[in-house]
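Numbers restart at 1 for each chain; the letters A, B, ... are given by sequence-line order, proteins then strands. The figures here come from the full heavy-atom set of this structure, side chains too, leaving out hydrogens, waters and symmetry mates.
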Amino acid sequence: MAPSKFALSLIPAILAVSFLLTEAASVFAQEAPFINRVAVWGLFYQLMVIAFTVGAVLMGVLAYVVFRFRESNPKNVPRDQMERHH
Amino acid sequence: MGHATFEWIYVGVVIALLVYVGAASWDVERHLDRAPADAEVVRVTAQQWFWTFEHEDGKKEIGELHLTKGVPYRFEITSRDVNHAFNIPDLVVMMDAVPGRLNSMWVMPDVSGEFLIQCREYCGFSHYQMRAKLIVEEPAEATPVAYDDLEQYVPASTLAAKNSVITS
């Protein structure tokens, strides 16, 4: 199925916002001294939060798909005549 | 909205997060790569199985490194024999020490106290003993000390092993 114009327009918008947020963060951060320990551990925690959030969403989607499209689900009826014969 | 819309939103969000991750990592790397212009240079020399530190003013330390809190330092790290790795876990510093090569890394200690310096690359029999002490002092009490007598700070067994390996 082709994506709608609305959906397609979201991607550059999200990319632009994330770039701007990153740039803004680095500009405001220039005033404070750079401490390796703080910066590296901060980055690590950020990446962990992102990784586990994306992982949790992905696992949730997989669980939903498995549950929704299981054979025993009453909603999961064959859609055409041919499928019933298999 | 159909399923496709949600899928594209999900794809967009994940791409945005990946871009953010890349940009944030790049930003930290950029800072790590550029030492401040006023950073004091400390030459770090690794050899089986101890560390030697040489300050800008020529003072040398063996087995101990005295730094001052709040002062940026740039380490010039090299090795005299085999590959080592200069590691200060508490300050998130780690850089390979490679013979014939000068690797650089900088740090500004923001806490005072005593910290472990260790070798993080397996370098031979006494690798596990290749440790040193980092002493970060408050600016008022900072008094770098020069240690010239190796025997006082390095175990005799290490010295004997060193003398049998190092010819230069």
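Screening Arg34(B), His31(B), Met108(B) for a side-chain contact (heavy atoms from CB on, under 4.5 Å) involving Phe34(A) leaves a single residue, His31(B).
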What do the steps show when you test Tyr10(B) against Val54(A) for side chain to side chain contact (heavy atoms under 4.5 Å, CB included), and what is the final call?
CA-CA 10 Å; Tyr10(B) 178 76; Val54(A) 171; 4.2 Å; yes
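Counting only heavy atoms from C-beta outward, the side chains of Leu32(B) and Asn36(A) approach each other to under 4.5 Å.
Taking OH of Tyr20(B) as the reference point, atom CG of Leu47(A) lies at 8.5 Å (rounded to 0.5 Å). One distance of note links CD1 of Ile35(A) with CG of Asp110(B); it measures 4.5 Å at 0.5 Å rounding.
In the hydrophobic clustering of ILVMFWY residues, with side-chain heavy atoms under 4.5 Å counting as a link, Leu65(B) and Met94(B) come out apart. Under the 4.5 Å side-chain contact rule for hydrophobic residues, Val14(B) and Leu58(A) share a cluster. Criterion: ILVMFWY side-chain heavy atoms under 4.5 Å apart, direct or through other members. Under it, Phe53(B) and Val98(B) are not part of a common hydrophobic cluster. Put simply, Met130(B) and Tyr128(B) are part of two different groups of oily side chains (I, L, V, M, F, W, Y) that touch within less than 4.5 Å, one to the next. Follow the hydrophobic side-chain contacts under 4.5 Å out from Tyr45(A) and you reach Leu18(B) in the same cluster.
Atom CZ of Phe52(A) sits in a sparse spot, with 12 or fewer heavy atoms from other residues, nucleotides or ligands closer than 6.0 Å.
Proximity to chain A (any heavy atom under 4.5 Å) is restricted, for Val111(B), to the side chain, taken from C-beta onward.
Nearest approach of Val28(B) to Ala39(A), heavy atoms of both residues: CG2-O, 4.3 Å.
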